[in-house]
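Structure, as structure tokens:
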Amino acid sequence: MSPRASLVASPELADQGAQRIEWARANMPILRALEAEFRRDRPFEGMRAAVSIHLEAKTAYLALVLRDGGAQVAVTGSNSGSTKDDIVAALAREENVYVYAHHGASPAAMLDYRVAAIELEPQIVIDDGGDLVELLHDDYATIGRGVLGACEETTSGVLRARARAEAGELAFPVLLINDARCKYLFDNVHGTGQSVWDAVMRSTNQVIAGKVVAIAGFGWCGAGCALRAQGLGARVIVSEVDPVKAADAAMRGFDVAPLAHACERADIVLTVTGVKDTLTPEHFAGMKDGTLVANAGHFRNEVDVDALASLSSESRSFRENVTGYRLEDRWIHVLGDGNIVNIACGDGHPAEIMDTSFALQALSARHVADNAGRLDAAPIDIPKEIDERVARLKLQSMSLEIDELTAEQKDYLSSWEHE
């Protein structure tokens, strides 16, 4: 099937987008090293790849690296609120790259864009949230039969792939990028932790110090957000459904409380759960005047913004990306319309952080290509050698060195006969 022509809302922004992509490239030394390697080796020669990740500058650079490795690449956004129209315009000028996205696209348009991406008939899929993988199993299963493997970026998509595998319905391999140490230790903790609060402060021009912050979810992303809020001087309350994670939060010095109670005390409420309807009318009812609400999870449905709107007597924009809803004598302010706040209201993770995550994506895509037809149709952990190679490239980019075990120490660790 021939690819559709790129769909671009603002072609006049192409130069601006190209400038931002080049800035990202300049700050992603690991991916630059892989770019040179891929240009030399052409591991994707004659292959097609579909990419669905938050469509901003770092994602665009990943797509270009895959292209430079020989692939035709179709790109779409995983969230309409995070798509940057200048980046779309810049990508549309590139050879062998097809892009389908615009900021604020409706759900129907988003679906059409995903369909356009998979009409390229990709052998390799780079996904964020599992939307392309789901389409390739359901309405477009015929195209899905040609997929050699997918690489999943985020927790939500990993959960969906595992659920489908447990049901015996996973049709091709899904490499779990999100579960690699170089993903969750950097991207989830440091990337989310920094970029969320950057977006909140940029949108509101408010101080974090002295405020009470309620964080729903204490996985790697939630922990990163809690640690950064604490570092900025906030008092943090964590809400969890997992007793181990709740106990971990308590041992790290955070208050722990049910979310409804936390919302009554909070100045800022942040969801980081990956679970639908984390914030509902029950929680809005207890919030005080001026509460800021933000979502750092992948899907917009963590915060029931539609229910909040229906409960309110008035709504209006207070600032760019800040919408207020009036409930009797109180205003509740939602950032980014409930979309993932660090990209809807900011620039997403820093380039140096996405450098590690997208290096994992690029090397995992090569692993799929190099092992075409030999990988099981199952969720697959990232090979240790890929994870460690990315870490070594990261250290090299920081001009850092580490120690190595001696042969005797390796023998000691592998033996049960310790003296």
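Predicted, not measured: the structure shown is a model, and the values here were computed from it. The basis for the numbers below is simple: all heavy atoms, side chains too, and nothing from hydrogens, waters or symmetry mates.
For the pair Arg228 and Asp198, the salt-bridge criterion is not met [side-chain N within less than 4.0 Å of a carboxylate O]. Here Asp267 does not pair with Arg235 in a salt bridge; the nearest charged N to carboxylate O distance is not below 4.0 Å. Ion pairing of Lys58 with Glu56 is present here, as a side-chain N (NZ or NE/NH1/NH2) and a carboxylate O approach within less than 4.0 Å. Under a 4.0 Å N-O distance rule, the pair Arg160/Asp131 qualifies as a salt bridge. The residues Arg392 and Glu404 are annotated as salt-bridged, a charged nitrogen and a carboxylate oxygen being separated by less than 4.0 angstrom. Under a 4.0 Å N-O distance rule, the pair Arg300/Asp337 qualifies as a salt bridge. Taking 4.0 Å as the cut-off between side-chain N and carboxylate O, Arg162 and Asp179 count as a salt-bridged pair. With respect to Arg164 and Glu134, a salt bridge is recorded, a charged nitrogen being found less than 4.0 Å from a carboxylate O.
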Please assess Arg330 against Phe284 for the test side chain to side chain contact (heavy atoms under 4.5 Å, CB included), listing each intermediate value before the final yes or no.
CA-CA 10 Å; Arg330 297 174 295 123; Phe284 302 137; over 6 Å; no
Run Lys394 and Ile30 through side chain to side chain contact (heavy atoms under 4.5 Å, CB included) and show every step you take.
CA-CA 6 Å; Lys394 176 66 173 175; Ile30 307 174; 3.8 Å; yes
Can you check side chain to side chain donor-acceptor pair (under 3.5 Å) on Thr271 and Thr278, steps first, answer last?
CA-CA 7 Å; Thr271 61; Thr278 298; 5.7 Å; no
Carefully, step by step, assess Asn295 and Asn339 under the rule side chain to side chain contact (heavy atoms under 4.5 Å, CB included).
CA-CA 6 Å; Asn295 168 42; Asn339 288 296; over 6 Å; no
Verify salt bridge (charged side-chain N to carboxylate O under 4.0 Å, His left out) between Asp139 and Arg114, making sure each step is shown before the conclusion.
CA-CA 12 Å; Asp139 297 336; Arg114 293 184 187 113; over 6 Å; no
I would like to know whether Leu259 and His283 meet side chain to side chain contact (heavy atoms under 4.5 Å, CB included); could you show each step before the answer?
CA-CA 7 Å; Leu259 185 56; His283 305 98; 3.7 Å; yes
Evaluation steps, side chain to side chain donor-acceptor pair (under 3.5 Å), between Ser364 and His367
CA-CA 5 Å; Ser364 295; His367 182 71; over 6 Å; no
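At most 12 non-hydrogen atoms from other residues, nucleotides or ligands lie less than 6.0 angstrom from CD of Glu401. With a 6.0 Å radius and a threshold of 12 heavy atoms from other residues, nucleotides or ligands, Asn96 has its CG atom above the threshold. By the neighbour-count criterion of 12 heavy atoms within 6.0 Å, atom CD of Glu328 is sparsely surrounded, having that number or fewer from other residues, nucleotides or ligands. Other residues, nucleotides and ligands contribute only 12 or fewer heavy atoms inside 6.0 Å of the CZ atom of Arg181. Heavy atoms from other residues, nucleotides or ligands lying under 6.0 Å from CD of Gln194 number 12 at most. Atom CD of Gln206 is surrounded by more than 12 heavy atoms from other residues, nucleotides or ligands within 6.0 Å. Within a 6.0 Å radius of NZ in Lys288, more than 12 heavy atoms belonging to other residues, nucleotides or ligands are found. For Glu12, the CD atom sits in a packed shell: over 12 heavy atoms of surrounding residues, nucleotides or ligands are nearer than 6.0 Å.
Using modelled atom types, one side-chain atom of Ser78 and one backbone atom of His54 make a donor-acceptor pair closer than 3.5 Å. Not a single donor-acceptor pair under 3.5 Å links the side chain of His190 to the backbone N or O of Ile353. No side-chain donor-acceptor contact under 3.5 Å links Arg389 to the backbone of Lys384. Side chain of Glu153 to backbone of Ile177: no donor-acceptor contact under 3.5 angstrom is found. In terms of modelled atom types and a separation under 3.5 Å, the side chain of Asp387 and the main chain of Cys182 share a donor-acceptor contact. At distances below 3.5 Å, at least one donor-acceptor pair connects side-chain atoms of Ser239 with backbone N or O atoms of Ala257. Judged by distance alone, the side chain of Thr154 and the main-chain N or O of Gly157 form no donor-acceptor pair under 3.5 Å. When atom types are taken as modelled, the side chain of Arg20 and the backbone of Ala57 share no donor-acceptor pair closer than 3.5 angstrom. At distances below 3.5 Å, at least one donor-acceptor pair connects side-chain atoms of Trp197 with backbone N or O atoms of Cys225. Side chain of His103 to backbone of Thr83: a donor-acceptor contact under 3.5 angstrom is found.
Rounded to the nearest 0.5 Å, atoms OG (Ser82) and CG (Asp347) are 12.0 Å apart. How far CD1 of Ile382 is from CG of Leu175: 4.5 Å, rounded to the nearest 0.5 Å. Atoms CG and CG, from Asp86 and Leu91 in turn, are 10.0 Å apart once rounded to the nearest 0.5 Å. Atom OG of residue Ser397 and atom CE of residue Met28 lie 11.5 Å apart, to the nearest 0.5 angstrom. One distance of note links OH of Tyr325 with CG of Leu311; it measures 11.5 Å at 0.5 Å rounding.
Between Ala89 and Leu13, the closest heavy-atom pair is CB-C, 4.1 Å. Between Ala307 and Ser310, the shortest heavy-atom contact is O-OG, 2.7 Å. Closest of all the heavy-atom pairs between Gly222 and Ile215 is O-CG2, 4.1 Å. Minimum interatomic distance between Phe218 and Arg252 (heavy atoms only, all atoms of both residues): CZ-CD, 3.9 Å. In terms of heavy atoms, Asp127 sits closest to Leu132 at OD2-N, 3.0 Å. The two atoms that bring Asn27 and Trp23 nearest to each other are ND2-O, 2.9 Å, heavy atoms only.
Two residues are said to be in side-chain contact when any heavy atoms from C-beta on lie closer than 4.5 Å; His298 and Thr155 fail this criterion. Leu232 is not listed as a side-chain neighbour of Val213, based on a closest heavy-atom distance of 4.5 Å or more. Side-chain contact between Leu111 and Leu135 is present, with heavy atoms from C-beta onward closer than 4.5 Å. Side-chain contact check for Leu279 versus Met287: some heavy-atom pair is nearer than 4.5 Å. Between Asp329 and Asp289 there is no side-chain heavy-atom pair separated by less than 4.5 Å. Taking 4.5 Å as the limit, some side-chain heavy atom of Tyr100 sits within range of a side-chain heavy atom of Pro3. Looking only at side-chain heavy atoms (C-beta outward), Val115 and Arg4 come within less than 4.5 Å of each other. The closest side-chain heavy-atom distance from Thr192 to Trp220 is not below 4.5 Å.
With hydrogens and angles left out, the side-chain atoms of Tyr140 and Glu119 include no donor and acceptor closer than 3.5 Å. Side-chain contact, Asn178 with Lys183: a donor N or O sits under 3.5 Å from an acceptor N or O.
Residue Glu35 forms a side-chain hydrogen bond (donor to acceptor under 3.5 Å, both in side chains) with just one option from Arg40, Arg67, Arg25, and that option is Arg25.
Outside the 6.0 Å centre-distance limit, the rings of His349 and Phe186 are not counted as a close aromatic pair.
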